[in-house]
**Q** 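Sending over a structure as structure tokens; questions will come in a sec.
Computed from a prediction, not measured in an experiment: that's the story for all the values here.
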Amino acid sequence: MSYLDNILFAIILGLGFGYFAINVKKLIRNIKLGQDVNRTDNSAERWKNMAMIALGQSKMVKRPIAGILHIIVYVGFIIINLELLEIIIDGLFGTHRAFSFMGGFYDVLIASFEILAVLVIISVIAFWIRRNVIKIKRFVNSDMKAWPKSDANYILYFEIVLMSLFLIMNASDYWLQQMDVNHYDEAGSFPISQFIAPLFNGLSEGVVIIIERTAWWLHICGILVFLNYLYFSKHLHILLAFPNTYFANLNPQ
């Protein structure tokens with residue numbers, strides 16, 4: 001990666017997080033319009049409340065199928081995007097898999113991320129079918145049409161694209177590692193993408209590098225777009241669910 005790539009990456013990263021920070025300030029401003037309330041009491045109950053609701057476990061009691069799918073998508077998305085830290089380091093400093101120094105632990109991480117990525121894709125497809133094909137009753141109410149329906153589908157499409165780009169990025173990276181291409185040192189374990197890599201057989205190293213770089217850039221740009229889209233979506237709770245449930249009113253209604 002040339003210095004020009006590093007500079008471009010830093011600019012895109014700055015714009016993405018900068019716009020997100022502006023919207024976060026708006027959220028904080030709106031929250032501060034309310035009256036101050038002390039919600040720091042009974043921390044044990046608050047942690048329990050956050051775990052049960054924010055992670056979707058309470059849904060498993062009323063709607064087990066939706067609850068399980070919700071947990072897979074939510075936890076999978078959060079954990080998989082831990083690799084965003086590595087992408088940021090690689091993008092800024094031109095390294096390749098900066099965390100590979102962790103050895104076997106890194107292999108376990110990448111393998112886990114790939115398995116979660118597939119589970120997320122499967123869960124998202126199930127969500128899409130339930131919402132658009134089966135049309136479960138609560139999804140066809142008048143308040144779930146127009147923008148609410150479109151918004152929900154946009155989120156599902158985002159998830160599928162981001163997870164797919166992640167697997168394509170890994171598959172092409174794995175192929176380049178096996179071909180011993182310069183700068184693509186062996187690092188990571190790829191239980192899923194190793195089966196995608198043979199699709200690149202017959203292509204030149206240059207073409208596969210372009211595929212890997214394209215998937216890499218689209219993945220990070222997609223994450224930044226998704227992050228900033230959340231501010232305009234009802235799915236902002238992906239970010240705010242934990243503080244909202246922790247600081248919720250514990251008194252009986």
**Q** Is the number of heavy atoms from other residues, nucleotides or ligands within 6.0 Å of CZ (F105) greater than 12?
**A** no
**Q** So, do F9 and W216 have ring centers that fall under 6.0 Å from each other?
**A** yes
**Q** Going from CD1 on I192 to CG on L116, what distance comes out if it is rounded to the nearest 0.5 angstrom?
**A** 10.5 Å
**Q** Would you check if the side chain of D90 reaches a backbone N or O of A98 as a donor-acceptor pair within less than 3.5 Å?
**A** yes
**Q** Look only at the side chain of N6 and the backbone of G91, and say whether a donor-acceptor pair between them is shorter than 3.5 Å.
**A** yes
**Q** Do V108 and I115 land in one hydrophobic cluster if side-chain heavy atoms of ILVMFWY residues count as linked below 4.5 Å?
**A** no
**Q** Is it true that atom CZ of F195 has more than 12 heavy atoms of other residues, nucleotides or ligands lying nearer than 6.0 Å?
**A** no
**Q** Please table the atom pairs, donor to acceptor, closer than 3.5 Å between any side-chain atom in residues 32-39 and protein atoms at least two apart or in another chain.
**A**
unit_1, atom_1, unit_2, atom_2, d
N38, OD1, T40, N, 3.2
N38, OD1, T40, OG1, 2.6
R39, NH1, F247, O, 2.7

**Q** Enter the distance from I209:CD1 to F200:CZ here, rounded to the nearest 0.5 Å.
**A** 12.5 Å
**Q** Tell me, with the steps shown, if Y231 and F20 meet ring pair (Phe, Tyr, Trp, His ring centres under 6.0 Å).
**A** CA-CA 8 Å; Y231 175 78; F20 178 70; 8.7 Å; no
**Q** Can any side-chain N or O of H235 pair as donor or acceptor with the backbone N or O of A152 at less than 3.5 Å?
**A** no
**Q** Roughly how far, to the nearest 0.5 Å, is CZ of F113 from CD of E86?
**A** 8.5 Å
**Q** To the nearest 0.5 Å, what is the distance between CZ on F166 and CD1 on I223?
**A** 9.5 Å
**Q** Is there a side-chain contact (heavy atoms from CB on, under 4.5 Å) between I155 and Y229? Walk through the geometry before answering.
**A** CA-CA 9 Å; I155 293 294; Y229 172 75; 3.7 Å; yes
**Q** Would you say the side chain of I160 lies within less than 4.5 Å of the side chain of L156, judging by non-hydrogen atoms?
**A** no
**Q** Between Y246 and N49, is any pair of side-chain heavy atoms under 4.5 Å apart?
**A** no
**Q** Does F93 share a hydrophobic cluster with Y184, counting links as ILVMFWY side-chain heavy atoms below 4.5 Å and allowing steps through other members?
**A** no
**Q** Hydrophobic clustering (ILVMFWY, side-chain heavy atoms < 4.5 Å, transitive) - are V161 and L227 grouped together?
**A** no
**Q** Would you say S193's side chain and I196's backbone share a donor-acceptor pair under 3.5 angstrom?
**A** no
**Q** Any link between I210 and V181 through a network of hydrophobic side chains (Ile, Leu, Val, Met, Phe, Trp, Tyr) touching at under 4.5 Å?
**A** no
**Q** Using ring centroids (six-membered ring only for Trp), state whether Y106 and F99 fall under 6.0 Å.
**A** no
**Q** N228 side chain to G16 main-chain N or O, any donor-acceptor pair under 3.5 Å?
**A** yes
**Q** Judged by atom type as modelled, is there a donor-acceptor pair below 3.5 Å linking the side chain of T245 to the main-chain atoms of A241?
**A** yes
**Q** L162 versus L218: any side-chain heavy-atom pair under 4.5 Å?
**A** no
**Q** State, with a plain yes or no, whether a side-chain heavy atom of L224 is found less than 4.5 Å away from one of Y19.
**A** no
**Q** Any salt bridge linking R46 with D41? Criterion: basic side-chain nitrogen under 4.0 Å from a carboxylate oxygen.
**A** yes
**Q** Do you know which of V120, V118, I122, V124 makes side-chain contact (heavy atoms from CB on, under 4.5 Å) with M163?
**A** V120
**Q** Would L230 and N23 satisfy side-chain contact (heavy atoms from CB on, under 4.5 Å), going step by step from the backbone distance to the final call?
**A** CA-CA 10 Å; L230 288 179; N23 287 328; over 6 Å; no
**Q** Measure from the side-chain N and O atoms of D107 to the backbone N and O of G188, and report whether any donor-acceptor pair falls under 3.5 Å.
**A** yes
**Q** Could you grab the distance from atom CD1 of I11 to atom CG of L13, nearest 0.5 Å is fine?
**A** 11.0 Å
**Q** Throw together a table of side-chain donor-acceptor distances under 3.5 angstrom for residues 168-179, partners on residues two or more places apart or in other chains.
**A**
unit_1, atom_1, unit_2, atom_2, d
N170, OD1, R97, NH2, 2.8
N170, ND2, E114, OE2, 2.9
S172, OG, I168, O, 2.9
S172, OG, M169, O, 3.1
D173, OD1, H96, NE2, 3.2
D173, OD1, Q177, NE2, 2.7
D173, OD2, H96, NE2, 2.9
D173, OD2, R97, NE, 3.3
W175, NE1, N201, OD1, 3.0
Q177, OE1, A187, N, 2.9
Q177, NE2, A187, O, 3.2

**Q** Return the minimal non-hydrogen interatomic distance between I89 and T95, and the atom names on each side.
**A** O-OG1, 3.8 Å
**Q** Can you check whether K149 reaches N132 side chain to side chain, under 4.5 Å on heavy atoms?
**A** yes
**Q** Would you say F158 ends up clustered with W217 if hydrophobic residues are merged whenever their side chains have heavy atoms under 4.5 Å apart, either directly or through other cluster members?
**A** yes
**Q** Looking at CD1 of I22 and CG of L27, how far apart are the two atoms once the value is rounded to the nearest 0.5 Å?
**A** 12.5 Å
**Q** State, yes or no, whether a side-chain contact exists between T214 and L165 at a heavy-atom distance under 4.5 Å.
**A** no
